[in-house]
Protein chains: 2
Amino acid sequence: MTKNRIISAAIEEFAEHGYHAATIRDICKRAGVNIAAINYHFSGKAELYRRSLEMIFSFKQPLPCADKIKSDSDLKSVMKSWIMAFLYRGNDKKILENRLMEKIAYHEMLTPSVIFDEIFDAYLMPDVVSLEKILRKGLPPDTSEKEIKMRIFSVLGSCKFYFFHYRIVEKIWTEGDFLEDNMDMIVDYITAQSLLGLKFS
Amino acid sequence: MTKNRIISAAIEEFAEHGYHAATIRDICKRAGVNIAAINYHFSGKAELYRRSLEMIFSFKQPLPCADKIKSDSDLKSVMKSWIMAFLYRGNDKKILENRLMEKIAYHEMLTPSVIFDEIFDAYLMPDVVSLEKILRKGLPPDTSEKEIKMRIFSVLGSCKFYFFHYRIVEKIWTEGDFLEDNMDMIVDYITAQSLLGLKFS
DNA sequence: GCAAAATTCAAACACGCGATTTAAACTAAC
DNA sequence: GTTAGTTTAAATCGCGTGTTTGAATTTTGC
């Protein structure tokens, strides 16, 4: 179907070049479709972008939450599974959609479009919320908000580095896909770091 | 001098919008200069970009290195000063150049120009080398290369998050500049994390 | 003081972009 | 076979881009 081919091509072009740098002509060329099809099936580039994001973000899966935590050992395993899911989701080549989501989110981070807020709310915020709940289970109730946020930022930074700075990773580690080849080690390390100073660790 | 005013304005525009999205009209408007001046003083937009990067990256200062480490307590303090310098350098509003460097580097990360390699070698690699030396001082000699790289990536991720994902930081922490207001806590936390499992810690 | 060089300026150029329109051709359903 | 829905190629439009032009202006050197 033409409509779907356009959206698929649009997602890849938007992920590669961002909204502004992506051109309708390249999208149509990639989709093997006439230029007029954009204005026939959608009302224009802006609407196509909106629909493309709707499509790609519909694949998003919720991350492990703190609801399952009953004991301290649960806390550790849930934290680990959160980090693993966060990392694996972004890297799994079978789930290409997540890679595209990351790229689009990164373009929005540098050159936000009008729907930056929507992307933040729909894509990143749910992960942050679940991570925060997990962290709070391991921290004393009088922990300052600053420290909780700082811990969130640290986990996000350690994980997201592999996606956004993948060009750096590739330059420093040239023997294959570093994240994919060392997933277990990385997950364990970030997990241990994230639990640093928590009540049971 | 016109030439310098153009370069200053160009650096800011390139940092804000990246090479492709930055326009020479905006650069000239910001510099208060006629459009033709770009092609008179430089040969065009590409050359202006090259010269602008030359200028901004000339401000780069080397980070603390492992040479000063004599004891285990030295290791900890050197690591801390590396992290503080890395964070502070990118955030210090008095040293605006470093903030601009970061932004330009991020644009290059997403949409690399032909001089991406030069930027990587001149801007990031020296920091990585000094960090690696510090880490090696605290790790047993038989530590795998993978683990060393992973620790590097983790430190870089935790630090760089505050710069690249500053829009996320601003959304999650709305009460002022999170990094600037909590520099000590953040530096101590990342330092402690980076030393996790090291021989003396 | 003045001629020559360097610089600045307003205006225009060529090109590619996104948006839109047109009329024709094709497809599927009834 | 007719009709409605879809796809196509081509053209036009207005706009923004980097670049160029040639004249006006300022600075320099003697």
Side-chain angles (χ1 to χ4, degrees), chain A residues 1-56 100 103-104 107-108 110-116 118-119, chain B residues 1-56 100 103-104 107-108 110-116 118-119:
Chain A
M1 192 180 175
T2 304
K3 215 165 173 176
N4 292 341
R5 286 222 312 281
I6 292 176
I7 287 191
S8 296
I11 289 172
E12 291 178 11
E13 287 290 323
F14 287 138
E16 192 62 31
H17 304 108
Y19 175 72
H20 293 100
T23 70
I24 283 191
R25 282 174 176 79
D26 285 343
I27 291 172
C28 290
K29 191 181 294 177
R30 186 191 279 263
V33 160
N34 189 273
I35 303 180
I38 298 272
N39 286 299
Y40 178 76
H41 290 284
F42 311 91
S43 68
K45 186 186 180 184
E47 178 65 13
L48 173 61
Y49 186 57
R50 233 187 54 79
R51 298 287 296 278
S52 299
L53 294 191
E54 247 174 40
M55 170 66 73
I56 192 67
L100 296 172
K103 287 193 176 184
I104 289 177
H107 280 288
E108 285 286 332
L110 268 186
T111 54
S113 74
V114 288
I115 52 182
F116 172 79
E118 293 177 39
I119 291 177
Chain B
M1 191 183 177
T2 304
K3 215 165 173 175
N4 292 341
R5 287 221 312 280
I6 293 176
I7 287 191
S8 295
I11 288 172
E12 291 179 11
E13 287 292 322
F14 286 138
E16 191 62 30
H17 304 108
Y19 175 73
H20 293 100
T23 69
I24 61 171
R25 277 178 177 76
D26 286 343
I27 292 172
C28 290
K29 188 181 296 176
R30 185 190 280 263
V33 160
N34 189 272
I35 304 178
I38 298 274
N39 287 295
Y40 177 77
H41 290 284
F42 312 89
S43 69
K45 187 185 180 184
E47 178 65 13
L48 171 62
Y49 186 56
R50 234 186 55 79
R51 298 286 297 278
S52 300
L53 294 191
E54 248 174 41
M55 171 66 74
I56 192 69
L100 297 171
K103 287 193 175 183
I104 288 177
H107 280 287
E108 283 287 329
L110 268 186
T111 53
S113 73
V114 286
I115 52 182
F116 172 78
E118 294 176 39
I119 291 177

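Every chain is numbered from 1, with letters handed out A, B, ... down the list of sequences.
- In terms of heavy-atom proximity, B:I35 sits nearest to B:C28 at CA-SG, 3.6 Å.
- In this structure, B:K29 places its NZ atom 15 Å from P of C:dC9, rounding to the nearest Å.
- B:I24 comes within contact range of at least one nucleobase, with a heavy-atom separation under 4.0 Å.
- At least one side-chain nitrogen or oxygen of B:T2 sits closer than 4.0 Å to the OP1 or OP2 atom of C:dT8.
- In this structure, the CD1 atom of A:I38 is 19 Å from the P atom of D:dA10, given to the nearest Å.
- Using bins of under 30°, 30° to 60° and over 60° for the plane-to-plane angle, the ring pair B:F14/B:Y49 lands in the perpendicular bin.
- Residue B:I35 is in base contact, counting any heavy-atom pair closer than 4.0 Å across all strands shown.
- Between the side chain of A:R25 and the base of C:dG16, no donor-acceptor pair of N or O atoms lies under 3.5 Å.
- The shortest distance between the side-chain N/O atoms of A:N34 and the OP1/OP2 oxygens of D:dA9 is below 4.0 Å.
- Atom OH of A:Y19 and atom P of C:dC17 are 15 Å apart (whole Å).
- Picking from C:dT21, C:dA19, D:dG18 the nucleotide with the shortest atom distance to the side chain of A:K45 gives C:dA19.
- Taking atom NE2 of B:H20 as the reference point, atom C1' of C:dG16 lies 14 Å away to the nearest angstrom.
- Side-chain contact between B:E16 and B:E12 is absent, with no heavy atoms from C-beta onward closer than 4.5 Å.
- Computed from coordinates, the A:F42 CZ to C:dG18 P distance equals 15 Å when rounded to whole Å.
- In this structure, CZ of A:R5 is placed 11 Å from C1' of D:dT7, rounded to the nearest angstrom.
- Checking the phosphate oxygens (OP1, OP2) of C:dA6, no side-chain nitrogen or oxygen of B:H41 falls inside 4.0 Å.
- Side-chain atoms of B:K45 come within 3.5 Å of backbone N or O of B:A22 as a donor-acceptor pair.
- Distances from the side chain of A:Y40 to the nucleotides D:dT17, D:dG5, C:dG18 place D:dG5 closest.
- A donor-acceptor pair under 3.5 Å is formed between the side chain of B:E108 and the backbone N or O of B:S113.
- Side-chain proximity of B:A36 to the nucleotides C:dT21, C:dC9, D:dT17 is greatest for C:dC9.
- For A:N39 and C:dA19, a side-chain-to-base donor-acceptor distance below 3.5 Å is absent, hydrogens and geometry of angles not being considered.
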